[in-house]
Structures are given as C-alpha cells and as structure tokens.
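Structure first, commentary second.
Below, chain A is the first sequence line, B the second, and so on; all start at residue 1. For clarity, every value in this text was computed on a predicted model and none was experimentally measured.
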Amino acid sequence: MTERSSRERIVRRAAAELRDGSYVNLGIGLPSEVADHVPPDIRVIFHTENGMLGVGRTPPPGEEDPDLVNASKLPVTPTEGCSYFDSADSFAMIRGGHIDLTVLGALEVDERGNLANWTVPGRLVKGMGGAMDLVTGARRVIVVMTHRTRDGGPKILRRCRLPLTGAGVVDRIITDLAVIDAGAGGLTLREIAPGITIEQVVDATEGRLAIDPEGVRPMEPA
Amino acid sequence: MTERSSRERIVRRAAAELRDGSYVNLGIGLPSEVADHVPPDIRVIFHTENGMLGVGRTPPPGEEDPDLVNASKLPVTPTEGCSYFDSADSFAMIRGGHIDLTVLGALEVDERGNLANWTVPGRLVKGMGGAMDLVTGARRVIVVMTHRTRDGGPKILRRCRLPLTGAGVVDRIITDLAVIDAGAGGLTLREIAPGITIEQVVDATEGRLAIDPEGVRPMEPA
Amino acid sequence: MSHKVVRGSDEAIRDVGEGATIFLGGFGLCGIPENLIRALARRGTKDLTLISNNVGTTERGIGLLLVARQVRRMIASYVGENELFERQVLAGELELELVPQGTLVERIRAGGAGLPAFYTPTGFGTPAAEGKETRDFGGRGCVLERALRADFAFVKAHRGDRDGNLVYRGTARNFNPIMATAADTTIAEVEHLVETGALDPAHVHTPGIYVDRILRGERYDRAIEQRADRQARGR
Amino acid sequence: MSHKVVRGSDEAIRDVGEGATIFLGGFGLCGIPENLIRALARRGTKDLTLISNNVGTTERGIGLLLVARQVRRMIASYVGENELFERQVLAGELELELVPQGTLVERIRAGGAGLPAFYTPTGFGTPAAEGKETRDFGGRGCVLERALRADFAFVKAHRGDRDGNLVYRGTARNFNPIMATAADTTIAEVEHLVETGALDPAHVHTPGIYVDRILRGERYDRAIEQRADRQARGR
C-alpha cells in the first residue's frame, strides 16, 4: 500500500466519525485533511483554536484574507453562521467540554490512553500550542497516525516514552492498519484494514490489545 | 443644616474628587447623585456593573428603553463612546483594578478602613450585589454618608460591628461634617465643613482621628 | 442543525424535571427569559434550585415561580426588591445563598470554561469567605471559589439564528452569555429569530455551540423595574 | 480624553525601557502589532521579556527583535516556525518558557481580571505541570496556574476610536483583547482611527478603559504566514 493510500484510508475512516451538527477541531497535518471528506448528508461545524467557529475551505489563490487564518496559519474562508471570538473564549470553549470531537496526530499512544505528540527531548521543543487543552477538553479525542514509525517501530506502546501531551485522554486510534479504542480496560481492537490480519496488527503494536468480544470488523470505508 | 443641604454638601464635595478622563462607578442612592455635579471642564466615564461604560443621564419620561438600565435598575441613556459588555467582563474590569474610583454609601467605617454596608443581622439580608467586588477592585474607594446615624450615634468606629463588605478598603470618607482619610496609619481628619469645629467632628466620631499635620482645611465646595 | 429551533417556550422546557437546577439570565427585569419563566410557572415544576443575580418582583420574572412556591433554593447576589421572597426566606420555606456578584458570574464562567476553582480577593475578611479556604497571594488575602454549573440555562437575547448564534441588546446582555456556557442544556429565547448567515460573525456575542434550543419568545412586556420617579413605577 | 491619541508608533513606545516585559498580540503573523514591533526594533531596546503566542518568522513580527538580539526571555505556546529562534535558544542566548495555549491566555485573563490564580486540568500529568502545585477536583487532577501581567501590551485592532474603544476583524482578534486588559500600559495600533461615537457600542470588543494610547499604524503589510501551496509562501 502506498503512503498516499494509507493516509487516505486513515482520513476517510476518521471522517466516518463525524456526526451531523457536531463541533469539531482538527489538528495540523493529516487530521486537517478530514475536512475534505465530510459525508455529503451531514453538516459539521469546524472550530479553530485561534478564534473561529464555522471554518470554511481554503480560498482560491489571490483571495486570501490575512485576517482570516486557522491554527496552522493557513488562510481560510467564512461559512454561513460562523463566528469569531478571542483566544480566552476559544479555550474556554475547548477546556469546558463544548467541542464534540478533536482529531489529532500522535508520536506515541499507550494502554492508558496517554498521548505524546508535542516534543522529542534532545531535539528542539517547538511547543505544545493548543494540543494539551484540546486533548483535555474535547468530549472525544481521536488519534490518527500511521501504525508504525518510519523505521517500522511501534507507536502504540505499553507506556509512552516521550513526554505526555495528556494523560488518559485518547478515546480512539485510527491507523492505516486498524481502529483501536482506548479506555479504562486498556486497548481494544475494533476494526482491521482490508488484507490485514489480527496477528499483523498485534505484531505491529507494543501495547496489549484485547479483541472486540463482538468480533473485529472490517475498517470502512476501505 | 437641613438634611437636603447636608446631602448636597456631601455630593458636591465628592464630585470634586472626579478627574478628567477617569472611569468611575457610583453606588446606589446618595453616591448616584454625584453624577449630577461633574465639573463642566472635565469628562468622566461612568461604569455600571451590569455591563456598561459611558452611562448617560436619565431619559425623559416615555423614552425609557427597558434594555438600558443601570445597577439600580433605573433607565439610563447611552453616550458617545459608550460600550456594553457581559457581567463577567464587567467584574473583570472591576476586580482587575481598571475602575479609577468608586463612591459608595456605608453603614459603618472603621480605623482600619474596613467598610460595612450590606447587611444588618437580624433583619433580612438583601445581599451584597457588586459592592464587595467594587471595594476590593476599584483603585480608590470613597465613602459618602452622614457622619452619624439617625439616632446621633457614630458611624466611624474603632472597629466595625456589622459584617464587613471589605477589609481595609476605604481610602476617604466624606460626610456632612468632614473629610477623613483612611490608611495604614489610621484615620486622618483633612477637612471640616463650614461652622463645624474639629472638636465637634472628634465628638461625633468613635474612631481615633489624627489631625492633618499640614492643617485641617475648609471643606469645599461648601 | 435546524433541530435546535423549537416551536415555543412550553416545548423548550419539556424535560425540566422536579429538583432541577436552572440558571436564569437577566439583571433585575432587564434581559430575563420571561417566556421560559412563564412556561415554567405553567408547567408547575417544583423543588427548583434557581441561580440568578436577582429574584425579580412579585409580579414579574422569578417572582412568578416564588408565588407558585416552585422554588426550594436560590443562589443570588441581591434580593432586596421582592417582599414575597423576604417572607418565604424568613418562614424557612426557601433556602438562600448570597454570593458577591462578581464572584457569582466568575464561578459560572469557570463552570463553562472547564476550570474547577479560582482564587479571588473579593469577600476576603467578610462573611462571604466563611467556611472557605483562603490563601495569601503577594500579601493579599484571597478566597478559593468553586465553579458553578446547572442542568439548564434559560437565556434571553435580542436576535438569534437557527444555529443558536445570539446577539444581545444594550445592558440586557449581563449574565446571559456566561450562563449560556455553563449548563448541560442551554435554552435561548429571542425577540427576533433570523436565518443562519444573517448575523455579522464578528459581532456574535454567544456562538451557537453553547445553545441547544432556540425559540422566538411569544410575548415581551418590556417592563422597567425602577423609575427615577417612583410614582411612575409598575406601569 | 483625546490625550490617548499619539502621533505614531515611535512616540507610542517612548517609555519602553531596557528589561521591560511586553505582551504582543497576534497569532502567527495574524493580528500582530507590526508597527509597534518595528518601532521597538528601531528603538533597539534590549533585554526584553516578550509574551506572545508565537515568535513570528525571521523576517516579520517578533523575528525582527530576535534578529537584533533585543530579547532575553520569551513566553509562548508554539515557536516551531522560526529557525533563528531555534538557534538562539540552543545557543543559550534566549530563555524560553513554553505554556499550553489555553493556559497562557487564561493566565493573562486572570492578570487583567484581578484573579491571582486558578486551577486547570490542562497539562496535568505532563511536563507543563512540573514544579507546580496540583490538586484533585472531583476525581480530576488539576494544576494551579498563576496570573500573568506585563509592563506593556502592544495590541492591534482593525478600528479604534479616540477613547480607545477597539473592534477587531476576523481571526486577527485572538490574544489582543485579553492582553489589552493585563498590562500597566496598553498601546493599541489600528488600521482605522475613527471619531468617538462612530463605533456601535454593542459591538466594541475592547472597551476604551483598557487602552492607554492609541495610534493609526503607519503601514500594514497584510502578510500571510503560511499558504496551502508552500511554493507561494513569502510574498
């Protein structure tokens, strides 16, 4: 499977988590691509932590407005019913549990639902930005990432080795190989990608995986 | 001296405390009358804690707007440059030290600058409203009141007997008899009303009064 | 998203149960959710805990619920304008918790903003601090205050769209936008219900994310609680 | 009141001294007080502590002050877009304190709102909580965070009047209104300076009480930091 099709599988599966009328914050990079796959029959209101609800698409070249950007500093457009607010109000919204879902990338996730995605000691710290607030405050936290590192090492661990972004915050992990839920009972394998076996997922995962007692389903859309 | 002229003396003396360009919150009752005596050469911006800066005069009968009231629930008018905000922002403004001056009434004040003005135990508690926030947050707190109770008893005490509104919060007391400052060194008599002697003020005051070392001046405007 | 719009105030409060805790926006009679309050009086739901800056008058606002003895407990900052309320408190029929106004609204903001507690200098050394933890910050005594949340918030705005975005008018804003953030279910009544997209996004006071149900209020009395000339009161 | 209006950015920052602590509004390059920053670079004031969400790029915004080595210490939430900054931190020429974005803005709000400290769940169990008091609220670990104030706040708004009332545009609002509340001296630069009375009082974002000096900014680059197509970056 190409890297491109891996990414697309992850993003499309994550888009299937979107609910009509929900308020959603998408992280930088891979998570931001989820916005391009909103099912046609639902309406999702996107939040950006620099102070906007109802974030629209990227404007065409030449029509960018420097006063209208998202948290990646990329230009965006308004939508009907959108609103602007200051950073204190924006993070009150996040921390207060008003964002239904956040989708973020990760360097590591572990059996306790711990997440590490902001720093690698020894290299320069770039800062956590709003990630710690988002994983603490959003009602549902979904991590999207490749199942393994570029070197083939595991990213879903028994215990995170990198400094944490949040402790016990992850609800679901969506990778190119599987969908895994994190919760009080540890990690549970829910879905596997086409052509992948349970054994392959277990081998690629350091953290201990329970198998969904109702059976592991195929990951859709494939 | 009639009660009316006593009140007017207090109010006019308090109005002399107003500074050009300052932001001022006036309490209910006697303090609210200070707004009618702003010196003609200065501009004062009045704050009302229910959420407005730049409070204007009382509208003529029939022109009241039910969406435009002050903290006494009395109808007011807008002024040029006024603004509306919510109660959290209004009290952030108060508690954060942004209000230059508040003028309030009192039941008792004492040598430590303690103020009691919100409840008399045994009778029903009406509530402190915004008074505790105002005396804690305003940069300068001036109390305006008659020097004695209706029964002739002292209101400026060694220690307040009523439950406090704020501890060590009063900067200045303006009464029908005198102007007295409260500070780290206790109470200092600064000014006396026409026809009143220092002895009369001392007799009407339970708290110990130091005499202004630079001399007690006449209270003006008389 | 149009599922936020409800037909009227009775439908809007359909699931408010006995013993519910409710935030009620407004300052005095200014900016109160009067239609939702009347609906609650019609519904007759008992044993309520109400959190509101004031208690209204005997004839209007929360007073209606006091007359009908639907209230068990009240959290407010100032209750000095309602004689019936006074009698009910004195008779022990009603519990009252008084909170400094700035602390009350900040506790509600904290409830909506996911902050469990904060320190404030307000009320230190007064009865408002009794029974509470205190601590010195930079030589200044402060009180630890806890976040406040409710089952429902009833708020009133001037204009609102079908997504729940709200704009308030004048000083009718007051507690409304803060209470809207801190309840499990926020119900907004508006004088003018407009289509989504009709409000200027830079001037929305309450983003729709905070509003679960919105309705056009059936009737607005536009009452003024106090007048400079007390003779004219109670029109 | 017209004494709030100053002629230009150099006059506006006339009393910013060596070692000053300054809030700088903006998110990335969006809504930054670019004229005041350029004036500060011209003035050459050294040993500054800057508090801003980001550090700008090498060519724009705070980057100008980094190039001129005017900064001793930086408090920010994200600094990943500036290579010069990286080198200065690694060389030990610059101290860096990283704070979660929501905690950063809430600490500034607390500084402006007279609240010395608050508890937040953000960062509990992470390096952001290291060395800080923690406490359990309802089964949830929380961190005690302190208010943050500065000597100066430099903010940028779209429109402002002579009394200092400000209105922001789009997402250029961000940290600006909060920082305006929490400094000893707040200086606002605006694209359009209007007469008092020209702004709708219901839609003022920053009331003039928070603004000590206001000026029309000399020049606005209207730069966009990132583009979807990176080839187009840096126009």
Contact between B:Lys73 and C:Tyr78 at the side-chain level, heavy atoms closer than 4.5 Å - yes or no?
yes
Where on C:Phe124 is there a heavy atom nearer than 4.5 Å to chain B: the side chain, the backbone, both, or neither?
backbone
Do C:Arg173 and B:Asp86 meet the salt-bridge criterion of a basic N to acidic O distance under 4.0 Å?
no
Correct closest heavy-atom pair for C:Ile178 and B:Ala88 would be CD1-CB, 3.5 Å
Should we count CD of C:Glu83 as having more than 12 external heavy atoms under 6.0 Å?
no
Heavy-atom distance under 4.5 Å to chain B: side chain of C:Thr103, backbone, both or neither?
both
Contact class of B:Ala71 relative to chain C, heavy atoms under 4.5 angstrom:
both
What are the two closest heavy atoms between B:Val69 and C:Thr171, and how far apart are they?
N-OG1, 3.0 Å
Name the region of C:Glu191, side chain, backbone, both or neither, that has any atom closer than 4.5 Å to a heavy atom of chain B.
side chain
For the residue pair C:Ala128 and B:Met132, what are the closest heavy atoms and their distance?
CB-SD, 3.6 Å
Chain C-proximal positions within residues 89-98 of chain B [heavy-atom distance under 4.5 Å]:
B:Phe91, B:Arg95
B:Ser72 versus chain C, heavy atoms under 4.5 Å apart: side chain, backbone, both or neither?
backbone
Which atoms of C:Pro100 approach chain B - backbone, side chain, both or neither, heavy atom under 4.5 Å
both
Evaluate B:Met128 against C:Val99 for side-chain contact (heavy atoms from CB on, under 4.5 Å), listing each step before the verdict.
CA-CA 7 Å; B:Met128 64 292 279; C:Val99 180; 5.7 Å; no
Report the distance from atom NE2 of C:His205 to atom CZ of B:Phe85, rounding to the nearest 0.5 Å.
12.0 Å
Using a heavy-atom distance cut-off of less than 4.5 Å, which residues of residues 25-38 of chain C contact chain B?
C:Phe27, C:Gly28, C:Cys30
Heavy-atom side-chain proximity of B:Trp118 to C:Pro127 below 4.5 angstrom:
yes
Please name the pair of heavy atoms, one in C:Thr126 and one in B:Leu164, separated by the smallest distance, quoted to 0.1 Å.
CB-O, 3.3 Å
If you check every heavy atom in residues 143-152 of chain B against those of chain C, which residues fall under 4.5 Å?
none
Approximate separation, where rounding is to 0.5 Å, of B:Ser87 OG and C:Glu106 CD
11.5 Å
Minimum-distance pair of heavy atoms, taken over all atoms of C:Gln101 and B:Gly130:
NE2-N, 3.4 Å
Under 4.5 Å, counting heavy-atom pairs only, tell me which of B:Ala167, B:Gly127, B:Ala131, B:Gly129 racks up the most with chain C.
B:Gly129
Under a 4.5 Å heavy-atom criterion, the part of residues 139-147 of chain C in contact with chain B comprises C:Arg140
Contact check, side chains of B:Lys126 and C:Leu98, non-hydrogen atoms, under 4.5 Å:
no
More than 12 heavy atoms of other residues, nucleotides or ligands under 6.0 Å from CZ of C:Arg72: yes or no?
yes
When you check the side-chain N and O atoms of C:Thr122 and B:Asp133, is any donor under 3.5 Å from an acceptor?
yes
Nearest 0.5 Å, what's the CE-CG distance between B:Met52 and C:Asn174?
13.5 Å
Shortest non-hydrogen contact from B:Leu68 toward C:Gly170
CD1-CA, 3.9 Å
